[in-house]
Amino acid sequence: MAETIPVTSSDKILLYFPEDPHEDWIARVKAAHPGLQIEWYRSITPEGVSVPFEQIPSHVWEGLTMFCGFPAPPANLLRSLRFVQLTSAGADKWVQHASYKDEKVMFCTSNGIHGPQIAEWVIGTWLSHQHHFSRFEAQMKRAYWEPVYASKIEDSTGTRMGILGYGAIGRQCARLADAMGMEVYAYTRTEKATAESRKDDSYCVPKTGDPDGLIPTKWFHGDSREAVDNFISQDLDILVVSLPLTESTRRIISSRQFAIMSKKKTFLSNIARGGHVDQDALIHALETGLIRGAAVDVTDPEPLPSDHPLWKAPNLLITPHVSWLSNHYWDRILDILEINLGRLSRGEALINVVNRQHNY
């Protein structure tokens, strides 16, 4: 891990956000860190036009030591960089960047800010499927009143949710599922055998998540496909994929996994990355009824081409990678950044430090 060096008057940070500067935040941080230079540039205009890095004045990049934004700037502009606060929960977009390969540069994720809105997407799409909302919406447009008992409705009480990747997002999914009377099974890469190991040490939005890891009825772990298959075979009604995308997790859900899921006709919910799921296998599973349905907020590639066969698969909801959106999104990133700047100044361990071995 890079050496923790306090924030000083020689530090300069660039915030590259799709919003106008938050003046109250800037004033508060400057008061807490006298001399810190804060540069803020919109990454997208109010009209939705991207602002390229080349339009940012050259003097901003001179002596820049800290960066928070998306996407990653060209490495030649970051010659003095020592700290990056990512705006994503993973570091997959940075792994080939020269700054990321420099272990003297500290990287922290925004893990924890996505839980509330993505968990709502997961539960919302699950309920929409279980209660046939899309069909009823189509019937409403035709002014058709379906006879009572024409639909089979299954409520969530007593069903089982399996969460593949029990991080901040998975923990908030568990919280909502638990409130609806669902049983929750959790899967992590490493074993969580003790109460202490099951605690979450990442950023957590107040009144959300499962900070102490108390919700799951059972915990599973492993870094092999066999371990994942064993987890999927636990009679899950819904499988939530909330893993970071790495070489070891790419296409972790494919034909063999869908065959296992066919026993319970498990509903698939993917809010991680499109690369986690073999889309040809998903189409086959939906067309042949191996699974009851699926909801995906991510595809491979993105945007999904208009002629891609996934669009026509039955019992599937596709959304255009929007589950992370929230009116609180950038405020939460600023909160993490402010916490980490304070910890830097006090010489304390940062939160959400990236594990460069696993890139999250």
Side-chain angles (χ1 to χ4, degrees), residues 114 118-135 154-156 159-167 169-170 172-174 176-177 180 182-188 216 220 225 227-245 249-302 304 308-324:
H114 309 84
I118 292 183
E120 289 179 10
W121 184 97
V122 168
I123 296 300
T125 54
W126 160 253
L127 292 177
S128 177
H129 176 84
Q130 293 292 92
H131 291 266
H132 312 294
F133 288 160
S134 60
R135 191 176 86 242
E154 179 184 6
D155 64 43
S156 297
T159 59
R160 180 176 297 159
M161 173 183 285
I163 303 174
L164 189 59
Y166 201 63
I169 295 170
Q172 179 62 5
C173 290
L176 299 185
M180 296 195 304
M182 301 176 76
E183 184 179 35
V184 174
Y185 283 8
Y187 186 97
T188 57
F220 297 77
R225 295 299 172 99
V228 171
D229 290 351
N230 176 56
F231 176 68
I232 294 173
S233 69
Q234 301 300 310
D235 290 338
L236 307 177
D237 293 283
I238 174 173
L239 173 66
V240 180
V241 180
S242 57
L243 295 166
L245 182 62
T249 63
R250 188 174 296 278
R251 293 199 171 188
I252 201 166
I253 304 298
S254 192
S255 298
R256 186 171 69 180
Q257 289 69 41
F258 285 121
I260 296 171
M261 293 161 67
S262 67
K263 177 183 177 182
K264 195 68 183 288
K265 295 193 179 300
T266 305
F267 183 88
L268 176 70
S269 178
N270 185 14
I271 46 76
R273 290 289 186 269
H276 284 114
V277 177
D278 181 331
Q279 289 180 164
D280 290 339
L282 172 60
I283 292 170
H284 175 76
L286 290 166
E287 289 180 343
T288 59
L290 291 178
I291 59 176
R292 71 181 76 181
V296 298
D297 185 50
V298 287
T299 61
D300 187 15
E302 292 182 6
L304 190 66
H308 197 286
L310 189 65
W311 288 112
K312 297 182 179 180
N315 298 316
L316 172 67
L317 175 64
I318 302 172
T319 58
H321 206 150
V322 294
S323 65
W324 61 275

Discussion item. I'd like to know if the side chain of Thr266 and the backbone of Leu236 have a donor-acceptor N/O pair within less than 3.5 Å.
Written reply: yes
Discussion item. Which residues pass the salt bridge (Lys or Arg N to Asp or Glu O under 4.0 Å) test with Asp235, not counting sequence neighbours?
Written reply: Lys263
Discussion item. Between Asp229 and Gln257, does the side-chain hydrogen bond (donor to acceptor under 3.5 Å, both in side chains) criterion hold? Intermediate values first, please.
Written reply: CA-CA 6 Å; Asp229 290 351; Gln257 289 69 41; 2.7 Å; yes
Worksheet item: Could you walk me through whether Glu154 and Asp237 pass the side-chain contact (heavy atoms from CB on, under 4.5 Å) check?
Response: CA-CA 11 Å; Glu154 179 184 6; Asp237 293 283; 4.3 Å; yes
Discussion item. If we count only N and O atoms by modelled type, under 3.5 Å, do the side chains of Asp297 and Ser323 hold a donor and an acceptor together?
Written reply: yes
Worksheet item: Rounded to the nearest 0.5 Å, how far apart are CG of Leu286 and CD of Gln279?
Response: 11.0 Å
Item to complete: Can you see which heavy atom on Ala272 is nearest to which on Val298, and at what distance?
Response: O-CG1, 3.5 Å
Fill in: Nearest non-hydrogen partners of Val184 and Ala174, listed with the distance
CG1-CB, 3.9 Å
Item to complete: Assess the pair Phe231 and Tyr185: is the distance between their ring centroids shorter than 6.0 Å?
Response: no
Discussion item. Over 60° means perpendicular and under 30° means parallel, so tell me whether Phe267 and Trp126 are parallel, tilted or perpendicular.
Written reply: perpendicular
Practice prompt. For Ile232 and Phe220, run side-chain contact (heavy atoms from CB on, under 4.5 Å): C-alpha distance rounded to whole Å, both residues' side-chain angles, the deciding distance at 0.1 Å, then the answer.
Written response: CA-CA 10 Å; Ile232 294 173; Phe220 297 77; over 6 Å; no
Response to the item:
The reported gap from OG1 in Thr188 to CG in Leu164 (rounded to nearest 0.5 angstrom) is 10.0 Å
Worksheet item: Taking only residues at least two apart or on different chains, which pairs with a member in residues 267-276 satisfy salt bridge (Lys or Arg N to Asp or Glu O under 4.0 Å)?
Response: Asp92-Arg273
Practice prompt. Would you check, one step at a time, whether the test side-chain contact (heavy atoms from CB on, under 4.5 Å) holds for His284 with Leu290?
Written response: CA-CA 8 Å; His284 175 76; Leu290 291 178; 4.1 Å; yes
Worksheet entry | By side-chain hydrogen bond (donor to acceptor under 3.5 Å, both in side chains) - contacts of Ser128 (at least two apart) | none
Worksheet, complete the sentence: Closest heavy-atom pair, Ile169 versus Ser242, reported as atoms and distance to 0.1 Å, is CG2-CB, 4.4 Å
Discussion item. Quick one, His276 with Ile253, criterion side-chain contact (heavy atoms from CB on, under 4.5 Å). Give me CA distance, side-chain angles, the key distance, then yes/no.
Written reply: CA-CA 6 Å; His276 284 114; Ile253 304 298; 5.7 Å; no
